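Report on the following structure.
What's counted below: heavy atoms across the whole structure, side chains too, no hydrogens, waters or symmetry copies. Letters A, B, ... are given to chains in the order of the sequence lines, protein chains preceding strands, and every chain is numbered from 1. Here the structure is a predicted model, which means the values were calculated and not measured.
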Amino acid sequence: MAPPKTAITPTRAEDFPEWYQQVVRAADMAENSETRGCMVIKPWGYALWENIQSQLDARFKETGHQNAYFPLLIPLSFLEKEAEHAEGFATECAVVTHHRLEPEKDPETGKTRLVPTGRLTEPYVIRPTSETIIGAAFSRWVESYRDLPLLINQWANVMRWEMRPRLFLRTSEFLWQEGHTAHETQEEAIEETRMIHQLYEDFLRDHLAIPVVAGEKTEAERFPGAEMTLTVEVMVQDKKAIQAGTSHYLGQNFAKAQDITFAGRDGNEEHVHTTSWGVSTRLIGTLIMAHADDDGLVLPPRLAPHHVVIIPVTPKEETREAVIESCHALAETLRREQNYAGDPIRVHVDERDLGGGVRKWEWVKKGVPIRLEIGPRDIESRKVCLQRRIEPANAKEFMDRESFIRNAPEILADIHRKLLDRLTKFRDANITPCNALPNFAEHWSHAVAGWLLTPWAGSREQEEELSKEHKITIRCLPNDLQDGRDATCIVTGKPTMCRALWGRAY
RNA sequence: CGGGGAGUAGCUCAGCUUGGUAGAGCGCCGGCUUUGGGAGCCGGAAGUCGCAGGUUCGAAUCCUGUCUCCCCGACCA
């Protein structure tokens with residue numbers, strides 16, 4: 001049977017959502033579990049998360065944050081404290097109501113079942129986010145302006161009982177980091193929110209090779225309880241938007257609800273200003289939808305668990321040992337002598353006793369940036385057969401072994417640049433200014449539609465009406481796409497300098 | 001919560017209308033041949049057909065109940 005033309009069926013063009021699922025499966029990153037809406041993250045997917053985690057964590061530490069850990073279970077009453085927040089999360093909370101199980105024999109079947117007993121006097125909510133329980137700790141920890149700012153981050157799992165789960169993009173349980181900070185003044189808190197916003201933008205660009213549109217959410221799209229929500233929005237290959245990271249200025253809303261006060265410089269009691277911000281395992285879904293192709297995952301080099309996979313080609317038994325030995329020697333040299341983005345080159349030698357094609361395609365589907373095939377002929381000529389994931393799967397380049405060792409970091413850097421460049425061009429080509437309502441409506445009648453940038457002075461109600469009608473949202477009021485000139489708002493007809501970016505979203 | 005669909009081998013599914021020994025492909029295990037290309041041939045293991053009840057000599061198949069999952073809406077990092 002002839003092998004399929006692409007490693008993934010269907011292709012992106014044929015059925016994008018199904019393609020996505022197949023990429024996850026082909027790369028062996030995760031699978032659905034027996035627990036509704038929850039996924040099992042497999043080693044290849046988790047290794048990616050670990051790289052995201054350690055690289056982001058380093059940036060948080062550099063900017064003065066410390067990690068801590070708070071309980072998974074939140075007393076129900078805590079969630080009730082901030083009204084908007086309570087309302088925002090009420091419909092998606094899993095609740096713990098009992099604390100023991102009693103074996104009980106079913107009189108009909110004779111089987112023993114475990115029945116929850118021991119009802120809790122106050123139920124617990126499995127955290128959908130931790131503002132409230134961290135706020136409670138902050139109220140104990142903060143006494144004086146000298147205790148501020150308080151800069152805390154936690155790496156944790158959270159649970160939101162989603163109606164429509166999708167691996168990595170939307171699961172009932174997901175992994176994330178949530179930063180929570182408290183500040184003496186509004187200015188400081190807003191500065192923190194903006195700094196993290198910028199940090200997320202930089203991180204996506206420099207580590208995931210993903211360009212974003214950074215901006216502010218409208219009131220309708222804001223985090224429940226926030227005064228201001230900043231977001232980084234990613235356009236993925238079907239031109240939909242993914243909200244990849246948000247940072248919120250919470251004002252004094254939570255401080256007042258939770259009594260987080262301090263003695264100010266003038267001796268008066270004041271409420272702190274808080275922020276919160278997070279990115280999640282959704283980044284992995286974003287990365288797939290942004291970079292993967294019809295042959296599977298394509299990893300940005302900084303996050304790839306292996307930068308280079310060496311596939312020893314051993315057609316003859318008598319040269320087998322020498323080939324494998326030579327591959328390991330090359331791997332050692334690369335690890336010892338070269339760095340990429342501050343880390344030693346991560347090299348893996350795949351010496352499994354499988355056909356060359358089988359191994360090659362496995363690493364293609366897993367998205368490894370560089371594959372090297374090395375056989376007896378290459379050893380003799382001191383060359384490597386170099387294949388880059390961003391090139392077609394059958395593209396080969398023979399390079400001197402020494403010059404590969406010397407150039408490996410630059411090849412990885414080049415791959416990163418090309419990924420970023422490709423996606424930047426795609427994004428820019430699919431953001432269109434739109435100044436009139438009829439054009440606006442026509443645009444959204446297409447199944448696949450890029451984003452529209454419109455002059456905007458509408459109300460929350462007008463925004464929600466348009467959103468509902470076209471199944472779109474204002475992704476953000478972009479920071480950098482404001483031209484500073486007056487134009488006519490598409491719904492109100494009023495002159496406005498504000499530009500809103502609309503799109504369909506995941 | 002509304003509207004559709006499906007539960008049979010590890011995975012994807014056929015079989016059910018018309019009741020009569022449990023099937024295929026992929027994967028897995030073993031052997032041989034291959035190994036610069038996702039290989040071939042031969043052999044093998046694997047399922048109380050979601051669960052409970054009913055009809056029947058006999059139920060994956062018919063009937064009743066029940067649970068779960070998937071898809072389309074509403075919610076959403």
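- Distance noted for atom C1' between B:C69 and B:G50: 10 Å (whole Å).
- Contact of the A:Thr129 side chain with the A:Trp176 side chain is registered, since non-hydrogen atoms from C-beta on lie closer than 4.5 Å.
- With rounding to whole Å, A:Arg166 atom CZ is found 17 Å from B:C75 atom P.
- Rounding to the nearest 0.5 Å gives a distance of 7.0 Å between CD of A:Glu362 and NZ of A:Lys365.
- Between A:Pro224 and A:Thr314, the residue anchored closer to the 5' end of RNA chain B is A:Thr314, taking for each the nucleotide with the nearest heavy atom.
- Rounded to the nearest Å, the gap between the P atom of B:G47 and that of B:A60 is 16 Å.
- The aromatic ring centres of A:Trp277 and A:Phe60 sit less than 6.0 Å apart.
- Straight-line distance from the CG atom of A:Leu167 to the P atom of B:C70: 11 Å, rounded to whole Å.
- Residues A:His470 and A:Phe440 have side chains in contact (heavy-atom distance under 4.5 Å, counting atoms from C-beta outward).
- To the nearest angstrom, C1' of B:G38 lies 13 Å from CG of A:Asn394.
- Between the NZ atom of A:Lys316 and the P atom of B:U35 there is a distance of 10 Å, given to the nearest Å.
- Across all strands, A:Thr171 comes closer than 4.0 Å to base atoms (heavy-atom distances).
- Between B:A24 and B:G36, the distance separating the two C1' atoms is 35 Å to the nearest Å.
- Remark: P of B:G38 and CZ of A:Arg371 are 14 Å apart, rounded to the nearest angstrom.
- Scanning all heavy atoms of the two residues, the minimum distance from A:Trp451 to A:Trp444 falls at CA-CH2, 4.3 Å.
- Here the separation of B:G65 from B:C72, taken at their P atoms, is 28 Å to the nearest Å.
- Counting to the nearest Å, the P atom of B:A77 and the CD1 atom of A:Ile52 are 19 Å from each other.
- Rounded to a whole angstrom, the distance from the P atom of B:U8 to that of B:C62 is 16 Å.
- Of all heavy-atom pairs between A:Ala244 and A:Val279, the closest is O-CG1, 3.5 Å.
- When heavy atoms are screened at a 4.0 angstrom cut-off, A:Arg377 is found touching base atoms of the nucleic acid.
- Closest to the side chain of A:Val358, out of B:A77, B:G36, B:A39, is B:A39.
- For A:Arg170, taking side-chain heavy atoms from C-beta onward, the closest of the listed nucleotides B:A77, B:G38, B:G36 is B:A77.
- Using a 4.0 Å heavy-atom cutoff across all strands shown, A:Gly375 reaches at least one base atom of the nucleic acid.
- Counting any heavy atom pair closer than 4.0 Å across all strands shown, A:Gln243 reaches sugar-phosphate atoms only and no base atom.
- Taking for each of A:Ser172 and A:Asp353 the nucleotide of RNA chain B with the nearest heavy atom, the 5'-most of the two is the partner of A:Asp353.
- Atom C1' of B:G15 sits at a distance of 9 Å from the matching atom of B:A22, rounded to the whole Å.
- Between B:G43 and B:C26, the two P atoms lie 14 Å apart (nearest whole Å).
- Taking the six-membered ring wherever Trp is involved, the centroid distance between the rings of A:His306 and A:Trp363 falls below 6.0 Å.
- Contact annotation for A:Asp378: base contact, defined as any heavy-atom pair under 4.0 Å involving a base atom.
- A:Leu169 comes within contact range of at least one nucleobase, with a heavy-atom separation under 4.0 Å.
- Among the heavy atoms of the strands lying under 4.0 Å from A:Arg25 are primed sugar atoms or P, OP1, OP2 only; no base atom is included.
- Taking every side-chain heavy atom of A:Pro376 into account, B:G36 is the closest of B:G36, B:A77, B:G38.
- Relative to the six-membered ring of A:Tyr46, A:Lys42 misses at least one condition, a distance below 6.0 Å or an angle of at most 45° to the axis.
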Bracket string, RNA chain B, 5' to 3' - pairs by Watson-Crick or G-U geometry under 3.5 Å, | interstrand: (((((((..((((......[..)))).((((((.....)))))).....(((((..]....))))))))))))....

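- Ring to ring, A:Phe223 and A:His85 are close: their centroids are under 6.0 angstrom apart.
- A:Lys468 comes within contact range of no nucleotide atom at all, as no heavy-atom separation falls under 4.0 Å.
- Nucleotides B:C13 and B:A6 are separated by 12 Å at their C1' atoms, to the nearest Å.
- Rounding to whole angstrom units, CH2 of residue A:Trp363 and P of B:G36 are separated by 19 Å.
- Counting to the nearest Å, the C1' atom of B:G10 and the CG atom of A:Asp28 are 14 Å from each other.
- Taking 4.5 Å as the limit, every side-chain heavy atom of A:Gln177 sits out of range of all side-chain heavy atoms of A:Gln53.
- B:A77 has A:Phe174 stacked on its base ring, the centres lying under 5.5 angstrom apart and the planes within 30 degrees of parallel.
- Taking the side chain of A:Glu92 as heavy atoms from C-beta on, and the options B:G38, B:C76, B:G36, the nearest nucleotide is B:C76.
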